[in-house]
Amino acid sequence: MAKKILIIEDEEIMMNLLEKKLKGAGYDITTAKNGQEGLDILQTKIFDLILSDIIMPRMGGLELMEKISRDTRLKNIPIIVVSNSGQPVEIDQAKKFGAKDWLVKTEFDPQEVIFKVKRILGE
Amino acid sequence: MEEEKDLTSNEDPKEKNLHQETEGELRHARSALLNILDDTEAARKVAVEERNKTLAIIQNFSDAILVFNENNILELINPLAEEYLGEKKENLIGKKAEDLLASPKTKLFMEFLEVSKGSPIKQVFRKEFMARPDFYLEITSLMLIMDSKMKGTLLVLHDITREKNIEKMKTEFVSISAHQLRTPLSAIKWTLRMILDEDVGGITPEQREVLQKSYASNERMINLVNDLLNVTRIEEGRFLYKLEAAQLEDLAQTSIDNLQEEIKRKGASVVLVKENFPLPSVKIDKEKMKLVLDNLITNALKYNKNKSGKVEVFMEDNEGKEIRVQVKDNGLGIPQKQQSRIFTKFFRGENVVRLEVDGSGLGLYTTKNIIEAHGGKIWFESEEGKGTSFYFTVPIKKE
């Protein structure tokens, strides 16, 4: 059965590209436009991995990760941050909340995201 | 009177003449003396007037002024200095510089001057510091020399809050713009990559060529924006350093490995020359130090039109105190007259610009800031047409 990935991203084009690339690699994809929407979806469905942006309306990625880290049902889902930002202080905070990796969008391309996803899922 | 008259009348004419001559000389001397006294009084008045004028200038000057004598005792202070120091003149005049350094109110102003008992106040030029929240001053201290003798120190405090605020606004503007630019640039990068990878359907060789050129242009733009972001972070004081133990030669090797494609394309050679023994590890921000090595090695490779371009990276342990790195090339070199500007923002050598080589002129500015933030030094030797050697040091800090 295909592994389930939740993409949380407010930039429509980035969301579409990631979704297309990951679907092409055989994953079951669900999308959310901000942290709050992502959190709502996480209450109803189980995921193997979360890909999340940081700067988003309503609820940002760091706030979302903090909430996930305090939820015993969700805290073990691996999270990869995919962001335009890359400040060490933000990265450290994300790691503290359990993020497995941090990818700066301008430094990586979608294929490299797939490699990271596969590695974290042990594939 | 009678007697005097008689005496006078009986006087020898020769003696009489002598007497008259002496009297004349005395009158003349008296008149000369009076003239001298008049002149002295006039000169004194001029001097007092000049002194008052000088004092008025000092009192009303737009910078804060403090004057210390040769024994580092404060002799003069203007009202603006009283305001900046938050202390009345009466409580400051006659105090020694080291006493001012020991006082919590005036400590901040004296810290740069490295005052200690018996030694002269250190000369500093335009050192900036925050005197209180949102209030920035620039401090300059100058030795007062008269007749080749040190007579004291003049301290000038200049308010640079307005300049700082403008600089901050400019930095924030660039930072926000650069962040906003990154969003579309990453979208373009990912879109082009997926088209090139044929994730959205097949493309012709001709389309591939055009798209590859667009991808390369976009990458250049991303690098420029990243350079701008690094600069704004340095200027905002947000260029964070996460120090961890690392081997500099490993980082240099990674930089060289990442450049293999470029090295092959140019037919150049880049060699890392190590010592026989492994170098001690240093506490560095690996990401930032990698940027330093990337910048220096890339520059050495890029600004080289030599058919047998050669870049050598030497690393050595300098007596256990620091690691000394040299990046040597046989490239274009830096024109002598432009060498003093090499580490300034947006600087690009005129010989380099002529050849239309890409570059933002921000790399060496960033590099210098990174090295200095690590407590190291950076310098270079260069001869136009022959090549350049950049040197930098990273201190070895023992736990």
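In what follows, chains carry the letters A, B, and so on, assigned in the order in which the sequence lines appear, proteins first and then strands, with residues in each chain numbered from 1.
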Got more than 12 heavy atoms from elsewhere within 6.0 Å of NZ, A:Lys21? yes
With side-chain hydrogen bond (donor to acceptor under 3.5 Å, both in side chains) as the rule and sequence neighbours excluded, what pairs involving residues 59-72 of chain A come up? none
How about CD on B:Glu372, more than 12 heavy atoms from neighbouring residues, nucleotides or ligands closer than 6.0 Å, or not? yes
Just wondering, more than 12 heavy atoms not from B:Glu261 lying within 6.0 Å of its CD? no
Below 4.5 Å from any heavy atom of chain A, which atoms of B:Asn226 appear? Answer side chain, backbone, both or neither. side chain
Are there residues of residues 196-204 of chain B that reach to under 4.5 Å of chain A by heavy atoms, and which ones? B:Asp197, B:Asp199, B:Val200
Per-residue contact mode, A:Leu17 against chain B (heavy atom under 4.5 angstrom): both
Give a yes or no on whether A:Gln111 atom CD has more than 12 heavy-atom contacts from other residues, nucleotides or ligands under 6.0 Å away. yes
Taking CG in B:Asp257 as the centre, count heavy atoms belonging to other residues, nucleotides or ligands within less than 6.0 Å. Is the count above 12? yes
For residues 94-103 of chain A, which side-chain N or O atoms pair as donor and acceptor with protein atoms under 3.5 Å away, sequence neighbours left out?
from	atom 1	to	atom 2	distance (Å)
A:Asp101	OD2	A:Lys116	NZ	3.1
A:Trp102	NE1	A:Ser85	O	3.1

Please determine whether the number of non-hydrogen atoms from other residues, nucleotides or ligands lying under 6.0 Å from atom CD of B:Glu206 exceeds 12. no
Neighbour count >12 (heavy atoms, 6.0 Å) for atom NZ, A:Lys3: yes
Got more than 12 heavy atoms from elsewhere within 6.0 Å of NZ, A:Lys45? yes
Tabulate, in ascending numerical order, the residues of residues 181-192 of chain B having at least one heavy atom closer than 4.5 Å to a heavy atom of chain A, or enter 'none'. B:Arg182, B:Thr183, B:Ser186, B:Ala187, B:Lys189, B:Trp190, B:Thr191
Sort A:Asn16 into side chain, backbone, both or neither according to what part of it lies under 4.5 angstrom from a heavy atom of chain B. neither
Of all heavy-atom pairs linking B:Met194 and A:Lys20, the shortest is CE-CB, 4.1 Å
Pairwise distance CE(B:Met221) to OG1(A:Thr106) - rounded to 0.5 angstrom: 12.5 Å
